[in-house]
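Report on the structure given below.
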Amino acid sequence: MLNYQRYRKNPVVDYPEREWPNKEIVKAPVWCSVDLRDGNQALIDPMVVHEKIEFFNYLIKLGFKEIEIGFPAASQIEFDFLRQLIDRKMIPDDVVVQVLTQCREELIDRTFESIRGCKQAIVHIYNSTSTLQRDVVFGMDKDHITNIAVEGTRMVKERAKNFPGKIILEYSPESFTGTELDYALEICTAVQEEWGATKEDPIIINLPSTVEMNTPNVYADQIEWMNKHFKNRESIILSVHPHNDRGTGVASAELALLAGAQRVEGTLFGNGERTGNVDILNIAYNMFSQGIDPNLAIEHVNESIEIYERCCKIPIHPRHPYAGKLVFTAFSGSHQDAINKGVKALKERGTEVWQVPYLPIDPSDIGREYEPIVRINSQSGKGGVAFIMDTYFGFKLPKGMHKEFSNVIQKVSEKQGEVSPDEIMENFRNEYLNQKEPIHFRKLRVDDLSDEIKSEFDTKVYVTYTNNGATKQFEAVGNGPIDAVKRGLQEELSIDIKILDYEEHALQSGSNSQAAAYIHLLDMDSGSVTYGVGVSSNITRASVRAIFSAINRLKLG
């Protein structure tokens, strides 16, 4: 039996005066990528220097203005990486690099050595503050923990005085979510006062969900409580660093923004320790889908995927929000039908506002235009098959034909699983366009009888065809070429047929365009009905081919 009794609920915040539920996200926060530090340390095969440089350059291309590049005091690779960025002048003037260090003198000295020559840098210090870590890891009381943070701040402050560039201090009470709120405020305030933060020279107070311990609303309560109780609030940039242990990192970050956070630290696609950091791209695409400028150049998600997978050696899950190969794909028949109708309505109405069922954004807006929206398997319906035929091959199947052809594809999918667009088209050819036996249309001549007053028909046709390989000919009259050919075939083959419906359309534009014709045919003797399809550069020939196709499908030849 599942031993759930071993676990206890984490405490929630008694905070009935919360205001964040009535707010909305209206603008993007300051984004800080921690891919090169927090993300990199979680990789099975961490990035080497040239990979980190490539990733750093791509983060700049995406538009990140703050990038945590590593823990240079703890790793020679990270130290060398930062030195290359500085010595080779690879850091743009509007980008601030961030370096992490513990509050120990030798590490802080090494950190300042690593940023020598840097025009501006964020020095990020931290120490763990939670009740659990104070007890079982450090064996220290609150005063000792506060003293570590204050002493670390003092050491950074002393070294910053002689540093030729600008130093911004960031402080994180690590394991904030497991820390009493009044104590978290106390230690953050002590650091803030020691640093001497002002509105003109603010400090970054970063409140991490180092381990996600509760529902996102609790994290939002914690953030708002801190936001409202800080002294000299204007001297603080309030930052959050959510992890994803409960699978709700994105929700935690978004609710934290409602609660007053101004800055978000995270990684591309959520890479990081355990279940990962918050996925910055996910949040940014969420904002984009609500008509908010995310202030990141995220138009080409495939490029982000390629660089991430190559440098991090981690594949993107096919159901990953926005980036997964299957997230803009529908297998369900009802979903396919709704998407088909939604795309059609969008074109007909000519609106610039994207509104298509099951597709929160237009895939082409983020560089996914060449990937299938609809894919066909045994769960798919008639609308999906029709969508593929129209989108990929230009065949706008009559509504009554959707079920007939989807039944053909359904049998294929039940045998082999997913059916590709090319396989669907191949089955379409075999079922309709290549139905040339036993009767095969060869030639057609059409005469206009409209000037002959005595004739009750306006058209005469001369048709050459083969029946089981033997060449045959007939001539017939009717009201139009289709009616005349139908009458002639009835007499030639001794059959009784009725055309229930006829549709046609151009397959492509231009002088060399082809036309497709669809004939819905009824065998009056058996009651059987089917569609026939013909294609030709001449619409009349396409129609005649469609009649022959339908007769062969009904096996009346």
Side-chain angles (χ1 to χ4, degrees), residues 31-59 62 64 66-82 97-102 107 111 122 124-128 130 133 137 170 172-178 206-213 219 239-253 263-284 304-324:
W31 303 110
C32 177
S33 161
V34 295
D35 290 89
L36 298 171
R37 198 277 302 173
D38 206 346
N40 188 59
Q41 74 185 35
L43 296 177
I44 296 174
D45 184 11
M47 286 182 265
V48 294
V49 171
H50 75 87
E51 290 172 329
K52 295 190 81 170
I53 288 175
E54 179 183 9
F55 209 101
F56 177 80
N57 287 332
Y58 186 65
L59 292 171
L62 287 177
F64 283 93
E66 297 184 6
I67 301 172
E68 187 167 270
I69 57 86
F71 199 150
S75 166
Q76 189 63 43
I77 288 179
E78 294 184 8
F79 186 96
D80 293 342
F81 165 56
L82 178 53
V97 294
Q98 179 170 306
V99 287
L100 182 74
T101 180
Q102 293 171 324
L107 296 180
T111 298
I122 298 170
H124 182 187
I125 62 172
Y126 70 98
N127 65 321
S128 194
S130 71
Q133 293 226 35
V137 178
E170 176 176 347
S172 292
E174 194 206 3
S175 60
F176 163 75
T177 46
N206 185 54
L207 303 177
S209 176
T210 309
V211 177
E212 194 175 33
M213 300 171 67
Y219 187 52
S239 175
V240 292
H241 181 117
H243 277 252
N244 196 44
D245 298 87
R246 292 169 58 92
T248 57
V250 168
S252 292
R263 180 178 184 270
V264 174
E265 294 187 347
T267 61
L268 305 188
F269 304 116
N271 177 43
E273 297 281 10
R274 304 179 307 282
T275 57
N277 290 272
V278 70
D279 183 344
I280 283 182
L281 289 182
N282 193 344
I283 304 172
S304 299
I305 293 168
E306 190 275 326
I307 290 175
Y308 171 84
E309 291 188 332
R310 179 161 43 78
C311 291
C312 297
K313 297 92 173 175
I314 296 177
I316 299 296
H317 193 281
R319 295 294 183 186
H320 195 106
Y322 302 102

* To do: With sequence neighbours left out, write down each residue that passes salt bridge (charged side-chain N to carboxylate O under 4.0 Å, His left out) with Arg274, or none if nothing qualifies.
  => Asp245
* Can you name the ring pair (Phe, Tyr, Trp, His ring centres under 6.0 Å) partners of Tyr322, sequence neighbours left out? -> Tyr285
* Asked: Partners of Glu273 by salt bridge (charged side-chain N to carboxylate O under 4.0 Å, His left out), sequence neighbours excluded?
  -> none
* Sequence-distant partners of Glu174, salt bridge (charged side-chain N to carboxylate O under 4.0 Å, His left out), two or more places apart -> none
* Minimum heavy-atom separation for His243 to Asn277, with atom names? -> NE2-OD1, 3.3 Å
* Structure fact -> Hits for side-chain hydrogen bond (donor to acceptor under 3.5 Å, both in side chains) against Thr177, two or more places apart or cross-chain, chain-then-number order -> none
* Apply ring pair (Phe, Tyr, Trp, His ring centres under 6.0 Å) to Tyr308 and list each qualifying residue two or more places apart in sequence or on a separate chain. => Phe269
* Structure fact -> Residues passing the ring pair (Phe, Tyr, Trp, His ring centres under 6.0 Å) test with His124, sequence neighbours excluded, are none
* For Ser209, all residues meeting side-chain hydrogen bond (donor to acceptor under 3.5 Å, both in side chains), sequence neighbours excluded -> none
* To do: Kindly compute the distance separating CD1 (Ile122) from SG (Cys32), expressed to the nearest 0.5 Å.
  => 6.0 Å
* Which atom pair, heavy atoms only, marks the closest approach of Phe79 to Pro72? -> CB-O, 3.5 Å
* **Results of salt bridge (charged side-chain N to carboxylate O under 4.0 Å, His left out) for Glu212 - residues two or more places apart only** => none
* Structure fact -> For Glu309, the side-chain hydrogen bond (donor to acceptor under 3.5 Å, both in side chains) test, sequence neighbours excluded, returns none
* For Glu54, all residues meeting side chain to side chain contact (heavy atoms under 4.5 Å, CB included), sequence neighbours excluded -> Ile307, Arg310, Cys311
* Passes side-chain contact (heavy atoms from CB on, under 4.5 Å), Met47 versus Leu36? Steps please. -> CA-CA 8 Å; Met47 286 182 265; Leu36 298 171; 3.9 Å; yes
* Can you sort out the partners of Asn127 under side-chain hydrogen bond (donor to acceptor under 3.5 Å, both in side chains), two or more places apart, ordered by chain and number? => Tyr171
